[in-house]
Amino acid sequence: MPAVSVFGAQWGDEGKGKIIDLKAAEADVVVRYQGGANAGHTVVVAGAKYVLHLIPSGILHPGKLNVIGNGVALDPIKFLQEVEGLRARGVRVDGTNLRLSASAHVIFEHHRRIDQLSERWRGDGRIGTTGRGIGPCYADKAARTGLRVSDLLDPELARSRLRAALAEKNALIRQVHGEAELDFEVELSRYASLAGQLAPFVGDTGAQVRAAWQANRRILFEGAQGAMLDIDHGTYPFVTSSSTGVDGIPAGAAFPARWIERAIGIAKAYCTRVGEGPFPSEQHGALGERIREAGNEYGATTGRPRRCGWLDAPQMRYTLGWNGATSWIMTNLDVLTGFDSIPVGVGYRLGSKTYAEYPAALPGIEGLEVEYTSFPGWSEDITAVRHYERLPRRCREYVEAVEKLIGVPIEMLSVGPERDQVIPRQPEQIPAHAGAR
Ligand code: GDP
Ligand code: IMO
Ligand code: MG
């Protein structure tokens with residue numbers, strides 16, 4: 001495992017945290033390269049549940065280096081709370097096993113405030129953001145008005161750059177949104193006072209990760225959100241503000257693209273989405289409710305009920321395709337136990353037109369209707385199964401049919417939230433039609 005990307009292949013919450021934690025056992029370095037505390041990555045170890053928002057999901061393994069790259073939008077308050085929360089549970093976290101890029105952009109209170117006010121402004125057109133200030137922070141990065149972690153650590157720069165930024169944001173907050181301004185001195189002292197606590201973690205993480213790779217260390221890149229939430233290739237404008245896939249790594253971690261050897265997509269055996277925006281295979285009513293209850297589909301960051309639906313094969317071909325996935329991992333397979341019949345999306349209809357592939361060239365995918373093929377379900381509990389051939393026949397048939405439809409090999413199945421609830425697949429268990437690359 002020299003340098004491997006693990007990314008969400010649907011709309012987020014695919015179980016990336018669990019898989020990263022598992023794979024971290026064989027890695028030396030785990031790197032977050034985009035997103036921020038909008039992410040909620042759940043890891044369950046021996047019944048103890050950890051939800052990580054900013055800190056890489058390798059942190060529970062002693063001796064691993066965890067890196068927050070320059071492409072992450074860093075909320076320093078949330079970061080320090082997360083460090084403290086882990087320490088309180090006996091997890092060692094310090095500047096030797098957790099590094100933070102000096103070039104990561106900082107999320108301030110005004111970003112959070114504007115995120116929430118912009119959502120109110122959009123009204124029915126709201127995105128349903130997590131309210132964590134992600135969009136406004138990345139917007140300022142692109143507008144060149146943001147502050148980086150290194151700026152925060154320099155008292156003079158922090159004062160002058162925050163003063164300039166806040167003057168403009170306050171005008172927006174007051175004149176456009178009609179809300180009370182933030183007080184510059186209060187904000188400056190709130191954030192400048194954190195500099196001393198951040199400093200032990202801060203450095204040139206790009207150089208550190210590249211040096212690790214050159215010393216033959218194994219690097220794992222932990223994607224946040226999902227490919228359908230990608231700023232360029234997702235269901236724009238109902239997306240997050242970063243490059244969630246493999247292409248986010250070179251920019252967001254200062255790591256050469258050509259060093260990334262494998263890309264592993266993570267997807268549930270069905271599909272979920274939180275927030276607004278199109279979700280063609282969504283199931284409203286009793287079926288969606290049944291999946292939500294079976295999968296306990298409530299957001300790890302905001303607690304919102306997740307929208308639930310069926311796996312969508314063209315959508316998966318699309319996201320695994322533009323990421324060049326070498327394999328994928330199907331999570332939450334256990335959640336489908338007990339369904340008589342399991343539909344999978346195989347194409348779309350829009351009026352009189354049909355689409356065999358995900359229609360990325362359309363301005364939006366609202367109104368797409370999904371055409372399904374159904375597979376017979378199974379009723380046996382599979383949460384204790386650890387060997388592929390011990391799965392019920394119909395369960396294997398479902399996995400192999402989906403794999404054939406999608407055309408990318410499934411390297412592992414996950415059958416429960418615990419670290420050990422996985423079924424690795426041996427190469428001979430992957431049919432040739434899965435398109436092994
Ligand atoms: P992430 O954002 O991709 O890391 O995913 P989340 O942690 O937000 O959501 C995934 C949820 O599914 C969490 O509650 C996990 O504990 C849980 N989970 C992960 N894998 C499995 C699985 O195979 N089966 C079941 N039932 N739950 C799982
Ligand atoms: P993980 O890493 C699921 C969604 C929000 C909203 C949209 C934009 O846990 O998979 P943002 O706050 O990023 O501006 O919100 O993206 N979203 C996620 N959905 N999982 C996530 O992260 C998400 N992070 C953001 O619900 O629709
Ligand atoms: Mg999540």
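Read the numbers this way: they start at 1 and go in the same order the structure lists the ligands and their atoms.
Between A224 and Q34 the shortest heavy-atom distance is N-OE1, 2.6 Å.
Looking only at protein heavy atoms, the nearest one to atom 13 (O) of ligand 2 is T240 OG1, 2.6 Å. Looking from atom 27 (O) of ligand 2 to the surrounding protein, the closest heavy atom is V274 O, 3.2 Å. If you check which protein heavy atom lies closest to atom 20 (N) of ligand 2, you get D13 OD1, 3.1 Å.
Of all atoms in ligand 2, numbered sequentially from 1 with element shown, those under 4.0 Å from a heavy atom of R304 are 5 (C), 26 (O). For ligand 2 and W11, the ligand atoms under 4.0 Å from any heavy atom of the residue are 3 (C), 19 (N). Heavy-atom proximity to K16, at under 4.0 Å, picks out these atoms of ligand 2: 1 (P), 2 (O), 10 (O). Interface atoms of ligand 2 facing A39, defined by a heavy-atom separation under 4.0 Å, are 1 (P), 2 (O), 9 (O), 22 (O).
Proximity of the aromatic rings of Y355 and Y348 is defined here by a centroid distance below 6.0 angstrom, and this criterion is not met. Under the 6.0 Å cut-off for aromatic ring centres, F221 and F255 qualify, their centroids lying closer than that.
If you check each of V239, I266, T302 against atom 8 (C) of ligand 2, the one with the closest non-hydrogen atom is V239. Between the choices G275, G12, G128, the shortest heavy-atom distance to atom 6 (C) of ligand 2 belongs to G128. Compare L229, L52, N38 by their heavy atoms: the one nearest to atom 4 (C) of ligand 2 is in L229. Nearest residue to atom 23 (C) of ligand 2 from Q225, H41, Q34 is Q225 (criterion: closest heavy atom).
Close N/O approach between G40 and ligand 2 is found [any backbone or side-chain N/O within under 3.5 Å]. Ligand 2 has an N or O atom lying under 3.5 Å from an N or O atom of T130, backbone or side chain. Of the polar atoms of A224, none of the N or O atoms is found under 3.5 Å from an N or O of ligand 2, judged by distance alone. Any N or O atom pair closer than 3.5 Å counts here, and R132 shares no such pair with ligand 2.
Counting only protein N, O or S atoms, 2 lie closer than 2.8 Å to the Mg ion (ligand 3).
Geometric assessment of R89 against the ring of Y50 yields a positive cation-pi assignment under the 6.0 Å and 45° thresholds. R273 forms no cation-pi arrangement with F279, by the criterion of a distance under 6.0 Å to the ring centre and an angle within 45° of the ring axis.
A salt bridge links E357 with R317: the distance from a Lys NZ or Arg NE/NH1/NH2 to an Asp or Glu carboxylate oxygen falls below 4.0 Å. Remark: R307 engages E282 in a salt bridge, criterion side-chain N to carboxylate O under 4.0 Å.
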Measure and list all N/O to N/O distances between ligand 1 and the protein that fall under 3.5 angstrom.
from: ligand 1; atom 1: 2 (O); to: D13; atom 2: OD1; distance (Å): 3.3
from: ligand 1; atom 1: 2 (O); to: G40; atom 2: O; distance (Å): 2.9
from: ligand 1; atom 1: 3 (O); to: E14; atom 2: N; distance (Å): 3.0
from: ligand 1; atom 1: 3 (O); to: G15; atom 2: N; distance (Å): 2.8
from: ligand 1; atom 1: 3 (O); to: K16; atom 2: N; distance (Å): 2.7
from: ligand 1; atom 1: 3 (O); to: K16; atom 2: NZ; distance (Å): 2.8
from: ligand 1; atom 1: 4 (O); to: K16; atom 2: N; distance (Å): 3.3
from: ligand 1; atom 1: 4 (O); to: G17; atom 2: N; distance (Å): 2.8
from: ligand 1; atom 1: 5 (O); to: G15; atom 2: N; distance (Å): 3.3
from: ligand 1; atom 1: 7 (O); to: T42; atom 2: N; distance (Å): 2.8
from: ligand 1; atom 1: 7 (O); to: T42; atom 2: OG1; distance (Å): 2.5
from: ligand 1; atom 1: 8 (O); to: D13; atom 2: OD1; distance (Å): 2.9
from: ligand 1; atom 1: 8 (O); to: G40; atom 2: O; distance (Å): 2.8
from: ligand 1; atom 1: 8 (O); to: R306; atom 2: NH2; distance (Å): 3.1
from: ligand 1; atom 1: 9 (O); to: R306; atom 2: NH2; distance (Å): 3.4
from: ligand 1; atom 1: 20 (N); to: N332; atom 2: OD1; distance (Å): 3.3
from: ligand 1; atom 1: 23 (O); to: N332; atom 2: N; distance (Å): 2.9
from: ligand 1; atom 1: 23 (O); to: S414; atom 2: O; distance (Å): 3.1
from: ligand 1; atom 1: 23 (O); to: S414; atom 2: OG; distance (Å): 2.5
from: ligand 1; atom 1: 23 (O); to: V415; atom 2: N; distance (Å): 3.4
from: ligand 1; atom 1: 23 (O); to: G416; atom 2: N; distance (Å): 3.0
from: ligand 1; atom 1: 23 (O); to: G416; atom 2: O; distance (Å): 3.4
from: ligand 1; atom 1: 24 (N); to: D334; atom 2: OD1; distance (Å): 2.8
from: ligand 1; atom 1: 24 (N); to: G416; atom 2: N; distance (Å): 3.2
from: ligand 1; atom 1: 26 (N); to: D334; atom 2: OD2; distance (Å): 2.8

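When heavy-atom distances to ligand 2 are checked against a 4.0 Å cut-off, F238 has no atom that comes that close, whether in backbone or side chain.
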